[in-house]
Number of protein chains: 2
Amino acid sequence: MSANRVGIDLDTSLGYLLKEASSALRASMEAVLRPLGMTITHYSCLELLAQRPGLSNSELARGAFVTRQSMNVLLQALERDGFVTRPAEAAVGKVLPTTLTPRGRRSLEAATAAVRSVEIRMLGGMTDDEQADALRALRSMIHALRDDDGAPPSTPPVE
Amino acid sequence: MSANRVGIDLDTSLGYLLKEASSALRASMEAVLRPLGMTITHYSCLELLAQRPGLSNSELARGAFVTRQSMNVLLQALERDGFVTRPAEAAVGKVLPTTLTPRGRRSLEAATAAVRSVEIRMLGGMTDDEQADALRALRSMIHALRDDDGAPPSTPPVE
DNA sequence: CAGTGTATGTCAAACTACTGACATGAGCGC
DNA sequence: GCGCTCATGTCAGTAGTTTGACATACACTG
């Protein structure tokens with residue numbers, strides 16, 4: 001029950017709790033998305049496209065927190081199955097803006113309902129104020145971790 | 001900036017923010033752990049063992065939020081490299097209690113310092129009250145998502 | 001204009017963690 | 001005791017993601 005002298009106290013560590021919450025959310029989302037034949041990244045991609053049509057592969061990757069290579073293979077599958085469309089050639093640069101097809105939109109609708117139910121359950125025991133506090137706290141953590149990577153001396157950017 | 005009518009508003013979605021924060025934390029931890037030749041699961045396993053010596057493979061897996069299969073291959077590597085020890089045969093059931101070796105403890109020390117620096121930076125702009133609020137909020141979300149996985153018998157995916 | 005730096009799309013290989021499956025052992029009710 | 005259930009450790013196979021590498025295209029600076 002009580003913490004040791006050494007190490008980080010897991011019961012009061014925001015980092016550990018954050019990982020635990022994220023893991024629980026991930027498991028719940030996978031559970032409701034699986035019957036629909038979707039993964040979380042799959043759903044995230046569609047949701048991103050619904051809100052910001054025309055997003056590029058790299059932008060989608062950043063929004064879904066995966067590498068652009070991962071998003072690329074996903075996009076190819078989604079295009080092959082008719083959920084999204086991309087122009088064969090870039091109009092201006094190399095960027096290929098992606099848009100949802102009607103089929104993609106329909107597919108997203110069911111997924112959104114499922115995901116919303118998870119979020120509802122997650123927010124179940126929290127007041128609006130608590131939710132606002134949590135939002136603020138998460139934004140603060142995200143901002144604090146942005147850039148300035150861990151080791152100033154010799155840590156070239158990943159990749 | 002403003003959300004559409006359809007879908008989930010990403011800018012105010014606790015789920016999305018949670019994923020973003022978790023992703024940022026993961027990246028920062030990987031960055032500081034990489035020079036030490038450790039992965040996050042690797043470190044988590046050692047930290048768990050330092051606080052609760054004798055944990056079994058399955059218990060470690062739950063604590064590190066991976067499957068027991070994943071933890072098993074990690075433990076085999078850690079044992080091979082002399083960071084942990086497990087009895088060759090179970091004393092009572094099938095459970096093999098794992099303990100840190102002196103080498104494992106030394107290795108953990110450096111990692112803990114690195115991880116602590118990340119957590120410090122993450123908590124940088126937050127007051128103690130805000131941290132307490134965040135802790136409460138995360139615990140609430142975790143509790144709400146526990147068990148009752150996505151689809152109870154009487155809740156087929158909506159539509 | 002050439003040169004540099006940054007960002008993109010894409011291919012390929014390597015890896016990580018997962019799902020599926022099996023045998024074993026403990027706990028429980030009958 | 002016997003059968004049932006659950007948890008554990010472990011062995012595969014598999015899906016998703018990452019790292020590595022390359023060619024291309026824009027923006028900036030000299």
Side-chain angles (χ1 to χ4, degrees), chain A residues 19 22-24 26-31 33-46 54-81 84-99 147 155-159, chain B residues 19 22-23 26-31 33-35 37-45 54-80 84-98 147 149-150:
Chain A
K19 190 172 175 182
S22 171
S23 172
R26 177 191 188 83
S28 292
M29 285 185 62
E30 280 175 350
L33 251 22
R34 186 185 314 272
L36 285 69
M38 274 195 207
T39 68
I40 295 184
T41 308
H42 186 135
Y43 157 74
S44 299
C45 176
L46 264 44
L55 247 39
S56 73
N57 176 29
S58 289
E59 291 167 323
L60 286 169
R62 280 189 290 268
F65 310 109
V66 295
T67 61
R68 64 184 193 276
Q69 291 92 329
S70 296
M71 185 54 71
N72 190 38
V73 310
L74 174 60
L75 277 184
Q76 288 177 358
L78 288 180
E79 190 174 18
R80 170 174 51 78
D81 297 344
V84 305
T85 36
R86 281 192 295 179
E89 288 186 358
V92 51
K94 294 187 64 179
V95 179
L96 301 177
T98 314
T99 41
D147 287 332
T155 302
V158 188
E159 185 183 2
Chain B
K19 190 173 176 181
S22 170
S23 173
R26 178 189 190 81
S28 292
M29 285 185 61
E30 280 175 350
L33 251 23
R34 187 186 316 269
M38 273 196 209
T39 67
I40 296 185
T41 307
H42 186 135
Y43 157 75
S44 299
C45 177
L55 247 39
S56 73
N57 175 30
S58 291
E59 291 168 323
L60 286 169
R62 280 189 290 269
F65 311 109
V66 296
T67 61
R68 63 187 196 275
Q69 292 91 329
S70 297
M71 184 54 72
N72 190 37
V73 309
L74 173 60
L75 276 184
Q76 287 176 359
L78 290 181
E79 189 174 19
R80 169 175 51 79
V84 304
T85 37
R86 281 193 296 179
E89 288 188 357
V92 51
K94 294 187 64 179
V95 180
L96 301 177
T98 314
D147 287 332
D149 259 343

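No experiment lies behind these values; they were computed from the predicted model shown. Protein chains get the first letters and strands the later ones, always in sequence-line order, with residue 1 at the start of each.
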Hey, could you give me the [atom1]/[atom2] distance between [X] and [Y], rounded to the nearest 0.5 Å?
X: Leu33(B); Y: His42(B); atom1: CG; atom2: NE2; answer: 8.5 Å
X: Arg26(A); Y: Ser22(B); atom1: CZ; atom2: OG; answer: 9.0 Å
X: Arg62(A); Y: Asn57(A); atom1: CZ; atom2: CG; answer: 9.5 Å
X: Asp81(A); Y: Gln76(A); atom1: CG; atom2: CD; answer: 12.0 Å

With a non-hydrogen cut-off below 4.0 angstrom, is [X] in contact with a base, only sugar-phosphate, or nothing?
X: Val92(B); value: sugar-phosphate
X: Leu96(B); value: sugar-phosphate
X: Ser58(A); value: sugar-phosphate

Rounded distance (Å) that lies between atom [atom2] of [N] and atom [atom1] of [X]:
X: Glu89(B); N: dT8(D); atom1: CD; atom2: C1'; result: 15 Å
X: Glu79(A); N: dG9(C); atom1: CD; atom2: P; result: 13 Å
X: Leu60(A); N: dT17(D); atom1: CG; atom2: P; result: 14 Å
X: Met38(A); N: dG16(D); atom1: CE; atom2: C1'; result: 17 Å
X: Leu74(B); N: dA17(C); atom1: CG; atom2: C1'; result: 12 Å
X: Asn57(B); N: dC11(D); atom1: CG; atom2: P; result: 11 Å
X: Leu33(A); N: dG16(D); atom1: CG; atom2: C1'; result: 15 Å

**Report entry** With sequence neighbours excluded, residues passing salt bridge (charged side-chain N to carboxylate O under 4.0 Å, His left out) with Arg86(A)
**Finding:** Glu79(A)

Report task. Report the residues that fulfil salt bridge (charged side-chain N to carboxylate O under 4.0 Å, His left out) with Arg34(A), sequence neighbours left out, ordered by chain and then residue number. Result ->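 For Arg34(A) there are no salt bridge (charged side-chain N to carboxylate O under 4.0 Å, His left out) partners, ignoring immediate neighbours.
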
[options]: which one has an atom nearest the side-chain heavy atoms of [X]?
X: Arg34(B); options: dT24(D), dT19(D), dT17(D); answer: dT19(D)
X: Val66(A); options: dT8(C), dT18(D), dT24(C); answer: dT18(D)
X: Arg68(A); options: dA23(C), dT19(D), dA21(D); answer: dA21(D)
X: Lys94(A); options: dA26(C), dG25(C), dA23(D); answer: dA23(D)

Taking only side-chain N and O atoms of [X], does any of them lie within less than 4.0 angstrom of OP1 or OP2 on [N]?
X: Ser70(A); N: dT18(D); value: yes
X: Arg86(A); N: dT10(C); value: yes
X: Arg62(A); N: dT8(C); value: yes

Report task. Apply side chain to side chain contact (heavy atoms under 4.5 Å, CB included) to Ser23(A) and list each qualifying residue two or more places apart in sequence or on a separate chain. Result ->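 Applying side chain to side chain contact (heavy atoms under 4.5 Å, CB included) to Ser23(A) gives Phe65(B).
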
Report all side-chain donor-acceptor pairs from residues 87-99 of chain A shorter than 3.5 Å, counting only partners two or more places apart or in another chain.
unit_1, atom_1, unit_2, atom_2, d
Thr98(A), OG1, Leu55(A), O, 3.3
Thr99(A), OG1, Thr85(A), OG1, 3.3

Report summary line: Its contact letters, B for base, S for sugar-phosphate only and - for none at protein heavy atoms under 4.0 Å, make nucleotides 11-16 of chain C read B-----

**Report entry** Shortest non-hydrogen contact between Cys45(B) and Leu78(B), atoms and distance
**Finding:** SG-CD1, 3.8 Å

Report task. Would you work out how much the helix from dC1(C)-dG30(D) to dC30(C)-dG1(D) bends between its ends, with each end axis defined by five base pairs, to 10 degrees? Result -> 30°

Which atom pairs, donor and acceptor, lie under 3.5 Å between side-chain atoms of residues 67-74 of chain B and protein residues at least two apart or in another chain?
unit_1, atom_1, unit_2, atom_2, d
Thr67(B), OG1, Ser70(B), N, 3.2
Thr67(B), OG1, Ser70(B), OG, 3.1

Please list, pair by pair, any protein nitrogen or oxygen found under 3.5 Å from a nitrogen or oxygen in nucleotides 1-4 of chain C.
none

Query raised in the report: Between Val95(A) and Glu30(A), who's closer to the 5' end of DNA chain C by nearest nucleotide?
Result: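 Mapping each residue to its closest nucleotide by heavy atoms, the 5'-most match is Val95(A).
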
**Report entry** 5' precedence on DNA chain D between Glu59(B) and Gly93(A) (nearest-nucleotide basis)
**Finding:** Glu59(B)

Requested in this report: Go through the structure and list residues passing side-chain hydrogen bond (donor to acceptor under 3.5 Å, both in side chains) with Ser56(B), not counting sequence neighbours.
Outcome: Glu59(B)

